Amino acid sequence: MTDAVTILDDGEFYVELHPDYQDAVAPGFLLRRCAQSSTAPNGFVCLGGFDEALNGSWTADVKAHWDPCGEEERVELASDALRMDAIAALWRGRKNGLPDHA
């Protein structure tokens with residue numbers, strides 16, 4: 001995602017807009033900087049994101065513990081929300097996301 005626009009950044013976590021959309025309507029990703037590794041070759045992991053639902057509202061979620069019993073693998077932070085509210089919920093919940101690697 002080399003052409004992505006960063007809209008929030010605290011030095012560890014950041015939110016980037018999807019580069020294939022116009023900024024005003026783009027979904028986005030919550031990313032966390034980390035050491036480069038086999039699971040994070042570019043030095044970041046994706047913890048969640050925000051996206052437009054089919055009804056035109058917005059949702060936000062972060063990754064959660066995987067449960068082999070079939071429980072949700074994501075924690076919903078916002079649903080049926082305005083885009084800015086979904087972004088704000090994602091940012092408030094940024095430390096609740098679980099990285100893909102240690």
Side-chain angles (χ1 to χ4, degrees):
M1 297 190 337
T2 57
D3 295 332
V5 173
T6 300
I7 58 171
L8 294 165
D9 190 340
D10 69 3
E12 179 180 2
F13 297 92
Y14 58 108
V15 174
E16 285 189 347
L17 299 179
H18 194 297
D20 293 341
Y21 293 78
Q22 294 179 358
D23 292 352
V25 297
F29 308 97
L30 172 65
L31 306 164
R32 185 178 64 83
R33 291 177 179 89
C34 59
Q36 289 184 336
S37 68
S38 62
T39 58
N42 296 315
F44 66 86
V45 291
C46 183
L47 299 178
F50 64 96
D51 199 6
E52 188 173 11
L54 293 175
N55 68 2
S57 68
W58 288 79
T59 63
D61 57 31
V62 292
K63 290 183 180 180
H65 286 289
W66 179 75
D67 185 339
C69 295
E71 296 298 316
E72 290 291 328
E73 295 180 32
R74 305 189 79 70
V75 174
E76 187 174 86
L77 302 172
S79 65
D80 201 28
L82 298 173
R83 184 173 183 258
M84 289 303 296
D85 293 334
I87 293 169
L90 181 65
W91 191 245
R92 282 191 309 271
R94 68 190 179 274
K95 295 186 180 177
N96 295 331
L98 299 173
D100 291 334
H101 69 291

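The structure presented is a predicted model; accordingly, all values stated were derived computationally and were not measured.
Residues Phe44 and Leu31 approach most closely at CD1-CD2, 3.8 Å, considering heavy atoms. Shortest non-hydrogen contact noted between Ala81 and Ala78 is CB-CB, 4.3 Å. Closest non-hydrogen pair, Trp91 versus Asp9, comes out as CH2-N, 3.8 Å. Between Thr59 and Ser79 the shortest heavy-atom distance is CG2-CA, 4.1 Å.
Put simply, Phe29 and Val25 are part of two different groups of oily side chains (I, L, V, M, F, W, Y) that touch within less than 4.5 Å, one to the next. Neither Leu17 nor Leu82 shares a network with the other; the hydrophobic side chains, linked directly or stepwise wherever heavy atoms of I, L, V, M, F, W or Y lie under 4.5 Å apart, form separate groups for each. Side-chain heavy atoms closer than 4.5 Å link hydrophobic residues (I, L, V, M, F, W, Y) into clusters, and following such links, possibly through other members, connects Val5 to Leu90.
Residues Leu77 and Phe50 form no side-chain contact, since every pair of their non-hydrogen atoms from C-beta on lies 4.5 Å or further apart. Between Glu73 and Lys63, the closest side-chain pair of non-hydrogen atoms is not below 4.5 Å. Within the 4.5 Å cutoff, the side chain of Ile7 has no heavy atoms near those of the Asp23 side chain. The closest side-chain heavy-atom distance from Leu8 to Ile87 is below 4.5 Å.
Separating the NZ atom in Lys95 from the CG atom in Leu47 is a distance of 12.0 Å, to the nearest 0.5 Å. Rounded to the nearest 0.5 angstrom, Cys34 SG and Glu12 CD are separated by 9.5 Å. Expressed to the nearest 0.5 Å, how far CG of Asp80 lies from CH2 of Trp58 amounts to 13.5 Å. From His18, atom NE2 reaches atom CG of Asp3 across 11.5 Å, with rounding to the nearest 0.5 Å.
For the pair Arg94 (side chain) and Gly48 (backbone), a donor-acceptor distance under 3.5 Å is absent.
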